[in-house]
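This report refers to the structure that appears directly beneath it.
Numbers here simply count residues along the sequence, with the first being 1.
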Amino acid sequence: MTLATFENRTMSFRRAFEAEHARRDAARHAREEAERKQQEEDLARAEMLHAALADDVGFLKEKGLTLELRRYTVSLHHDDYLIDAYFEAGTINVRAGDKRTASTPTAAPRKAKTVNTNEEALDLMAQYLADETN
């Protein structure tokens, strides 16, 4: 029967440490890659919503709206209110705010709802616009 020497135990501990370190590094890289991919998807969806809204520039002008895209946020600005959609982690937070009572240039949200698809976001933005124009 052979007893493990101190040197063998040290090398085994070193290998275990290095394996754990490599496992954690691989997990961190996988998380970073998943986050990067999700951000790319969120940005692509924001650009798609922006394009859908930009299809009818005449309607936007008729309603006094200006359209803006900032990274993950698509905004419809009016002198009196703001309607926007913020894309994050696969969901879309659609908000409407009143600029007339806001103390800063950005309106504090009066209404907000989270949806999952661009179609739902477009419908909700239309509902918020109808609320503001009545």
Side-chain angles (χ1 to χ4, degrees):
M1 180 165 147
T2 309
L3 294 175
T5 64
F6 179 72
E7 185 175 311
N8 288 340
R9 283 193 306 262
T10 302
M11 291 305 290
S12 176
F13 181 59
R14 175 183 291 246
R15 282 192 303 272
F17 169 78
E18 289 172 352
E20 178 62 18
H21 194 268
R23 184 194 66 77
R24 289 182 184 190
D25 194 41
R28 180 179 54 80
H29 284 296
R31 281 190 311 273
E32 289 171 352
E33 180 61 22
E35 183 178 334
R36 185 195 59 73
K37 184 178 179 184
Q38 183 62 61
Q39 288 173 345
E40 286 177 357
E41 289 172 10
D42 289 340
L43 181 58
R45 292 175 67 203
E47 290 169 344
M48 287 171 38
L49 180 61
H50 180 268
L53 291 167
D55 274 347
D56 197 347
V57 175
F59 177 75
L60 295 177
K61 286 184 181 187
E62 175 186 318
K63 296 298 179 186
L65 298 169
T66 57
L67 178 62
E68 181 179 273
L69 173 64
R70 278 201 207 160
R71 189 100 173 134
Y72 304 108
T73 304
V74 177
S75 303
L76 292 171
H77 292 274
H78 185 274
D79 290 341
D80 296 334
Y81 54 87
L82 168 71
I83 301 170
D84 67 10
Y86 178 71
F87 293 74
E88 181 178 32
T91 62
I92 309 163
N93 185 21
V94 181
R95 305 173 296 187
D98 189 347
K99 289 182 178 180
R100 295 169 286 224
T101 60
S103 59
T104 63
T106 58
R110 282 187 302 154
K111 303 174 201 173
K113 185 174 179 181
T114 301
V115 296
N116 296 310
T117 68
N118 278 13
E119 292 77 17
E120 292 172 319
L122 195 63
D123 288 343
L124 191 54
M125 291 176 89
Q127 290 172 26
Y128 288 168
L129 179 60
D131 291 347
E132 293 296 340
T133 55
N134 283 340

Given side chains that start at C-beta, do those of [X] and [Y] come closer than 4.5 Å, heavy atoms only?
X: Arg95; Y: Tyr128; value: no
X: Glu35; Y: Gln39; value: yes
X: Leu53; Y: Phe59; value: no
X: Asp42; Y: Gln38; value: yes

Treating Ile, Leu, Val, Met, Phe, Trp and Tyr as nodes and any side-chain heavy-atom pair under 4.5 angstrom as an edge, say whether Met48 and Leu67 lie in one connected cluster.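 Cluster IDs for Met48 and Leu67 differ.
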Check whether Leu129 and Val57 end up in the same hydrophobic cluster, where Ile, Leu, Val, Met, Phe, Trp and Tyr are linked by side-chain heavy atoms less than 4.5 Å apart.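 No, no single cluster joins them.
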Stepwise, does the side chain to side chain contact (heavy atoms under 4.5 Å, CB included) test hold for Lys111 with Asp131? CA-CA 11 Å; Lys111 303 174 201 173; Asp131 291 347; 2.6 Å; yes
Calculate, to the nearest 0.5 Å, the distance between atoms [atom1] and [atom2] belonging to [X] and [Y] respectively.
X: His77; Y: Ile83; atom1: NE2; atom2: CD1; value: 11.0 Å
X: Glu33; Y: His29; atom1: CD; atom2: NE2; value: 10.5 Å
X: Glu40; Y: Arg45; atom1: CD; atom2: CZ; value: 14.5 Å
X: Gln127; Y: Lys113; atom1: CD; atom2: NZ; value: 7.0 Å
X: Asp80; Y: Glu132; atom1: CG; atom2: CD; value: 8.5 Å
X: Asn93; Y: Asp84; atom1: CG; atom2: CG; value: 8.0 Å

Using the six-membered ring wherever Trp is involved, compare the ring planes of Phe17 and His21 and label them parallel, tilted or perpendicular (cut-offs 30° and 60°).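 It falls in the tilted class, 30° to 60°.
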Test side chain to side chain contact (heavy atoms under 4.5 Å, CB included) on Tyr72 and Leu43; report intermediate values, then the result. CA-CA 5 Å; Tyr72 304 108; Leu43 181 58; 4.0 Å; yes
Evaluate whether atom CZ of Arg28 has more than 12 neighbouring non-hydrogen atoms of other residues, nucleotides or ligands under 6.0 angstrom away.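 Enclosed: over 12 neighbouring heavy atoms sit under 6.0 Å from CZ of Arg28.
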Could you tell me which non-hydrogen atom of Phe87 sits nearest to which non-hydrogen atom of Leu49, and how far apart they are?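 Taking every non-hydrogen atom into account, CZ-CD2, 3.8 Å.
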